[in-house]
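A note on names: the letters A, B, ... follow the listed sequences, proteins ahead of strands, and every chain is numbered from 1.
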Number of protein chains: 2
Amino acid sequence: MTTEYIGRGDPARTLALLWRDPSRARERAPRKGRTELTADRVIAAAIEVADAEGLAALSMRKVADHLGAGTMSLYTHVPGKAELIDVMLDTVYKETLTTEETPRGWRARVERIARDNLAMYRRHPWILQVAVSRPPLGPGTLGKYEHELSALDGIGLTDLEMDNVLTLIAAYVHGAARGVVEAERAAAETGMTDQEWWQAHEPFLTAVGDFSAYPLAGRVGSASGEAYNAPTDPTGAFEFGLGRLLDGIAVLIDGR
Amino acid sequence: MTTEYIGRGDPARTLALLWRDPSRARERAPRKGRTELTADRVIAAAIEVADAEGLAALSMRKVADHLGAGTMSLYTHVPGKAELIDVMLDTVYKETLTTEETPRGWRARVERIARDNLAMYRRHPWILQVAVSRPPLGPGTLGKYEHELSALDGIGLTDLEMDNVLTLIAAYVHGAARGVVEAERAAAETGMTDQEWWQAHEPFLTAVGDFSAYPLAGRVGSASGEAYNAPTDPTGAFEFGLGRLLDGIAVLIDGR
DNA sequence: ACAGCGTACCGTACGTTGTACGGATAAGTG
DNA sequence: CACTTATCCGTACAACGTACGGTACGCTGT
C-alpha cells in the first residue's frame with residue numbers, strides 16, 4: 001500500500017543543512033534533564049525509520065516519537081520533510097564511502113561499484129524511491145561521484161564517456177536492485193510468501209481461462225519457476241546482467 | 001514534494017477486474033439523465049489524472065471530480081486505490097502492444113523493445129513508481145511479456161537466458177527512463193528550469209567553499225555541462241547505454 | 001399498475017498525513 | 001534581575017483513503 005516519496009526541497013535550505021558545520025554545532029548548552037535534539041539526531045532517526053518501515057511509513061510524527069520529542073520540534077532543526085529526505089540521501093552516500101583498497105583493473109573496479117551500490121540499496125531500500133535528477137549537492141553525493149569517477153580515470157575514456165558509463169551502471173543497478181529488494185521485502189510487506197502468492201493467484205488464473213495466446217510466456221515462465229521455485233530470481237538476474245554490461249563496456253574500452 | 005505509490009491490492013479482486021468480461025458489461029440500463037459510470041471509465045480517468053499530474057496527485061476525489069461523480073461512487077466499480085493502480089498498469093501495457101511489423105535481426109528487435117518501453121515511460125511517467133515484482137497478472141502484462149520474449153526466440157538462447165536478457169533490458173530502461181523523464185518534468189514540477197536550478201545553487205555552493213577534494217567531479221561535471229548546457233543529458237546517456245548493452249548481449253549471442 | 005428487491009450512487013465521518021502559527025520555557029547576556 | 005533569543009511543542013487545518021449507512025431508481029413478478 002505504501003505511498004512513496006520524491007525529495008525536493010528548497011535548494012538554499014537544503015544546502016545549508018548539507019554543508020552544516022559540525023565543529024561549531026553546540027553554542028548553547030542543552031536544556032536541563034533533556035537529551036538535546038540536533039539535526040544529526042533527526043536525520044539518523046529518520047533513516048532508521050525509513051530502513052525499518054519504508055519511505056511510506058516515514059512520517060514526521062513517527063520520527064519525533066522515535067526521539068521522544070514533539071512532532072513540531074523537528075522543524076527547529078530541519079526545514080521540512082522534503083529537505084529531510086534530501087539530506088538523508090546525502091548522509092547515506094557519505095556512509096558508503098569506505099576506504100577499502102581499490103581493485104586493479106577497470107573491470108574489477110566497475111564491478112565493485114555496482115555491487116557496492118546494490119548493497120546500499122539493500123541496506124536502505126527507500127533510496128530506490130528518491131528522485132535522482134538534480135541530486136542534493138552535498139558532500140556525500142559529490143564524494144560518491146568523485147569516488148566512482150576515479151574507477152574510470154586514466155583508461156582512455158573521454159570525460160563524457162566516463163560520465164556516460166557511470167550513468168549506465170547507475171541506471172542498471174537501480175533497476176536491478178528494485179527487483180532484488182522488492183522480492184526480498186515482498187513477503188514481509190504483503191504478508192505472503194512467493195509460494196502463497198502463487199497459490200492465491202493460480203486457481204483464479206486458470207479459472208479465467210485461455211492462455212494459449214501466451215505460449216512463450218508459459219514455457220519460459222515455468223522454466224524459471226522450476227529452476228528457482230519462485231516467479232523470478234532477481235539475484236541471479238543481477239549477476240547475469242552485470243556480466244553482459246561489463247562485456248559491453250569492454251567492447252568500448254578494449255577497442256581503443 | 002509529491003508522495004508516490006506502489007500498487008498492491010487484493011489478488012482475487014484485482015484479477016477479477018483485470019480479466020473482466022467486456023461483452024456482458026451492461027445488463028442494466030443507466031439511470032436517466034446520467035452518464036453511466038463503469039470500471040473502464042474510472043480507469044481511463046485515473047490514467048488521465050496520473051499522466052497529467054503524476055501519481056502523487058492521483059486521488060480518488062480527483063478522479064471522481066474528473067468524472068463528475070461522487071468520490072465513493074468509484075468504489076462500486078473498483079475495490080480500492082491499490083487495485084486501481086494495478087489495473088491502470090495492465091491497461092497501459094495493453095495499449096503498448098502495437099502490431100507493427102517486427103524488425104529482422106535480434107539486435108534491431110531488442111533495440112525496438114527498449115525504445116518502446118522508453119516511449120511508454122515518457123507517456124505515462126507514473127509507471128516508473130509502480131512496483132514490478134509480483135506484477136498484475138492481466139492480459140496486458142502477459143501480452144507484453146509474450147511479445148518481448150518473441151524477439152529473442154529461436155536465436156540460440158536458453159529459456160532462462162531469454163528471461164534474463166529481458167530482465168536486464170527492463171532494468172536498464174527503467175533506470176535510464178527515470179533520468180529522462182525526471183529531467184523532462186523537473187522544470188514543470190519545481191517551477192525552475194535547469195538553468196535556474198544551477199543559478200540557485202551555484203552562489204551558495206561556491207560560498208560554502210572548498211571543492212579541491214573533488215577534482216574529477218569538477219572536471220567531468222563541467223565537461224558535460226559545457227557539452228549540453230545542462231547538468232546532464234539523459235537522452236544522450238540513454239543512447240550510449242543502450243549501445244553498450246546491445247554490445248554486451250551480442251558477446252553472448254554471437255559467441256555461440 | 002404496483003410491490004419489492006438489488007444495485008448504483010454518494011454524504012458523512014474517522015483516522016492519518018505535513019506543517020503554519022503562536023505560546024511556553026530556559027539559557028545566555030547586560 | 002530584566003531582556004533577548006533559541007528551543008520545544010500543543011493546537012488546528014486541509015487533504016488523503018475508505019468504512020458505513022442511506023437514498024433512489026431500473027428491473028422482475030404479480
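Within the 3.5 Å criterion, the main-chain N or O of B:Val87 finds a donor-acceptor partner in the side chain of B:Thr91. Between the side chain of B:Lys81 and the main chain of B:Leu58, a donor-acceptor pair closer than 3.5 Å is present. Without hydrogens or angle criteria, B:Arg122 side chain to B:Ala119 main chain gives no donor-acceptor distance under 3.5 Å.
Counting any heavy atom pair closer than 4.0 Å across all strands shown, B:Ala64 reaches no nucleic acid atom. A:Leu58 comes within 4.0 angstrom of the backbone, heavy atoms only, and of no base. Among the protein residues, B:Thr76 comes within range of the nucleic acid bases, having at least one heavy atom under 4.0 Å from a base atom.
Relative to the side chain of B:Leu37, the nucleotides C:dC9, D:dC9, C:dT19 differ in distance, and C:dC9 lies closest. Comparing C:dT17, D:dG17, C:dC10 by their closest approach to the side chain of A:Ser59 singles out C:dT17. In the set C:dT17, C:dC9, C:dC10, the nucleotide with an atom closest to the side chain of B:Met72 is C:dC10.
Rounded to whole Å, the distance from NZ on B:Lys81 to P on D:dT18 is 8 Å. Protein atom CG of A:Leu67 is 15 Å distant from nucleotide atom C1' of D:dT7, rounded to whole Å. Summarising the geometry, the separation between CE on B:Met60 and P on C:dG11 is reported as 15 Å, rounded to the nearest angstrom. Put simply, CD on A:Glu36 is 17 Å from C1' on C:dT25, counting in whole angstrom units. What separates CZ of A:Arg61 from C1' of D:dG10 is a distance of 11 Å, to the nearest Å. The CD-P distance, from A:Glu53 to C:dT17, rounds to 11 Å in whole Å. The distance from atom CG of B:Asp65 to atom P of C:dC9 is 16 Å, rounded to the nearest whole Å. The CG atom of B:Leu74 sits 12 Å away from the P atom of C:dG11 (whole-angstrom rounding).
OP1 or OP2 of C:dC9 sits under 4.0 Å from a side-chain N or O of B:His77. Contact check, B:Ser73 against C:dA8: no side-chain N or O comes under 4.0 Å of OP1 or OP2.
Residues forming a side-chain contact (heavy atoms from CB on, under 4.5 Å) with B:Tyr145 (at least two apart in sequence, or on another chain): A:Ala217, A:Val220, B:Leu149, B:Asp163, B:Leu166.
Note on B:Arg41 versus B:Glu36: no salt bridge recorded, every NZ/NE/NH1/NH2 to OD/OE distance being 4.0 Å or above.
Residue whose closest nucleotide on DNA chain C sits further toward the 5' end, between A:Lys62 and A:Pro79: A:Lys62.
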